[in-house]
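Following: one structure in structure tokens, then a few remarks.
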Protein chains: 2
Amino acid sequence: MSRLADKIQAMSQKPARKEVADKSYHHDDLRQKLIDATRDMIRSGGVEALSLRKLADRVGVSRTAAYHYFRDKNVLLCTLAEEGFRQWQDQISRIFQDESRLPAERYRIYIRWYMSYALENAEYYDLMFGRSIWKQKCATESLKAVAYEVFQDQIKLIRQGQKQGFLPAGEDSLRLAQVSWGTLHGLARLLIDGIYTDNSHIDEMCDCAANLLMR
Amino acid sequence: MSRLADKIQAMSQKPARKEVADKSYHHDDLRQKLIDATRDMIRSGGVEALSLRKLADRVGVSRTAAYHYFRDKNVLLCTLAEEGFRQWQDQISRIFQDESRLPAERYRIYIRWYMSYALENAEYYDLMFGRSIWKQKCATESLKAVAYEVFQDQIKLIRQGQKQGFLPAGEDSLRLAQVSWGTLHGLARLLIDGIYTDNSHIDEMCDCAANLLMR
DNA sequence: ATCGGAATTTGACAGTGTCAAGATTGGCTG
DNA sequence: CAGCCAATCTTGACACTGTCAAATTCCGAT
């Protein structure tokens, strides 16, 4: 093929591209598409592997298109984390509403669920509870709000557990909620971050944690 | 002052700079200077605020000078973290060698020390236990080695505590070490990352954690 | 039909880590 | 003393990042 032919093809391609739906100016719901793509990219590759430019490429849109829906990268991440917290909240309430089990048993299940969720969705857990979001002045007000809500639920569950007699009644509910979440969060982090390298005894770790927290 | 004078000054400054020790080709111990400067920069500003270029500027050396002593940024960070772990190890062994206190009391002191260290040296703690270092294949072999050593010490202390009767004897020492460290690490992380915003009741949290872990 | 404003793009800038190739130096050997 | 070697450090370059300002394109109301 001659070079002239190449040039002609190049000339005819450029204008053609504008009529292809790929690079059109209006999309169905770009905002949602961005969120979905972001979620995908985070799930495979983690928060740090996400760049707004790759995201834009993936959605088939220009680099800065996302800035119309999210003030900056941080707000986008906060939006995703918020979504995560809502689902998180649902899952937990579902576990504790299961009347077919004893309260103490539900709490043990909750612990195992927490751990398996954190490990199976490590990248997403890292987004929700990681430094990228919470650093300093990073967290959106609405993110802080939903996180606060989740923690309030946590306190309620702890208080309930104390009344039901499987959590130590002597401790302050708030402190107990903080420490028990701390325990789960700490284990999750140590495993996710690869500081604990043995992932084959997680159930035993959960049991040990449960034994310490419950009585 | 005339512009001509400025130009003359500019011309006389540039060649002069090469004879100043600032930009000379050989330094006393550039490696150590780099490490020191890195530590300073991490302490004020955190891991993410560290860039090799700013670091080079600060030491008064060209952008890529550090690459002669550290394969990449990650290795530099691992070196710093390693240093941190050694001091960490020293501090802990000092606490547990204090014979003037009862074993159980020492453990409570250890918990408080852990927490205050983590919060007062938040950026450094974040380096040592953070994702930046441990991610995947990130941690240097020597870093992994010293971290492993520290954790082995931890297990020993736990086993000792079980024998001395202030830690639950029924639990497997390894699991107990994992979970107890998890508790402290989790609390530290939640506080450092700003997920727990109330820093005014840390002692109570420590006490609550101690009550759960000890018996 | 036209004009406004929303949606999207292009261009640009400063910053990053890192590689390859060149410049400089101190110390050793002849 | 000359000369070269290897360690040390610099310059230039590349690809990548987030984000701003200024176009551009487009849909819907007037």
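Here is how names work: the chains are called A, B, and so on, in the same order as the sequence lines, proteins then strands, and each is numbered from 1.
Within the nucleic acid shown, Leu76(A) has no heavy atom closer than 4.0 Å to any nucleic acid atom.
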Dot-bracket for DNA chain D, 5' to 3', Watson-Crick and G-U pairs with both distances under 3.5 Å, [ ] for crossing pairs, | for partner on another strand, reads ||||||||||||||||||||||||||||||
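Every residue meeting the side chain to side chain contact (heavy atoms under 4.5 Å, CB included) condition with Ser142(B), not counting sequence neighbours, appears here in chain and number order: Glu82(B), Thr140(B). With sequence neighbours left out, the side chain to side chain contact (heavy atoms under 4.5 Å, CB included) criterion links Asp40(A) to Arg58(A). Residues that satisfy the side chain to side chain contact (heavy atoms under 4.5 Å, CB included) test with Ala56(A), not counting sequence neighbours, are Val61(A). Judged as a salt bridge (charged side-chain N to carboxylate O under 4.0 Å, His left out), and not counting sequence neighbours, Lys54(A) has no contacts. In terms of the side chain to side chain donor-acceptor pair (under 3.5 Å) criterion, Glu204(B) has no residue partners (sequence neighbours excluded). The side chain to side chain contact (heavy atoms under 4.5 Å, CB included) check on Asp90(B) picks up Arg94(B), with sequence neighbours excluded.
Sorted pairs that involve residues 65-81 of chain A and meet side chain to side chain donor-acceptor pair (under 3.5 Å), not counting sequence neighbours, are lacking altogether. For residues 186-211 of chain A, every residue pair satisfying the ring pair (Phe, Tyr, Trp, His ring centres under 6.0 Å) rule, not counting sequence neighbours, is listed here: Tyr196(A)-Phe151(B). Residues in residues 106-116 of chain B take part in these side chain to side chain donor-acceptor pair (under 3.5 Å) pairs, two or more places apart or across chains: Arg108(B)-Asn211(B), Tyr110(B)-Gln154(B), Arg112(B)-Asp203(B), Arg112(B)-Asp207(B), Tyr114(B)-Tyr125(B), Tyr114(B)-Trp181(B).
Between the P atom of dC16(D) and the CG atom of Leu55(A) lies a distance of 16 Å, rounded to the nearest Å. Atom CD of Glu48(A) and atom P of dC16(D) are 19 Å apart (whole Å). As rounded to whole Å, 12 Å separates atom P of dT10(C) from atom CG of Asp57(A). Taking atom NZ on Lys54(A) and atom C1' on dG18(D), their separation rounds to 13 Å, with Å as the unit. Distance CG (Leu30(B)) to C1' (dT25(C)): 14 Å, rounded to an integer number of Å.
Ile202(A) is not listed as a side-chain neighbour of Leu187(A), based on a closest heavy-atom distance of 4.5 Å or more.
Enclosure of atom NZ in Lys135(B) is not indicated, since only 12 or fewer non-hydrogen atoms of other residues, nucleotides or ligands lie within 6.0 angstrom.
Checking dT10(D), dT9(C), dT16(C) against every side-chain atom of Val61(A), the shortest atom distance belongs to dT9(C). Comparing dA7(C), dT17(D), dT11(D) against the side chain of Tyr69(A) picks out dA7(C) as the nearest.
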Give every pair of a protein N or O atom and an N or O atom of nucleotides 3-6 of chain C that lie under 3.5 Å apart, one pair per line with the distance.
none

Polar atom pairs (N or O), protein with nucleotides 19-21 of chain D, under 3.5 Å:
{"from": "dT19(D)", "atom 1": "OP2", "to": "Tyr67(A)", "atom 2": "OH", "distance (Å)": "2.9"}
{"from": "dT19(D)", "atom 1": "OP2", "to": "Lys73(A)", "atom 2": "N", "distance (Å)": "3.0"}
{"from": "dT19(D)", "atom 1": "O5'", "to": "Tyr67(A)", "atom 2": "OH", "distance (Å)": "3.2"}
{"from": "dT19(D)", "atom 1": "O4", "to": "Arg53(A)", "atom 2": "NH1", "distance (Å)": "3.3"}

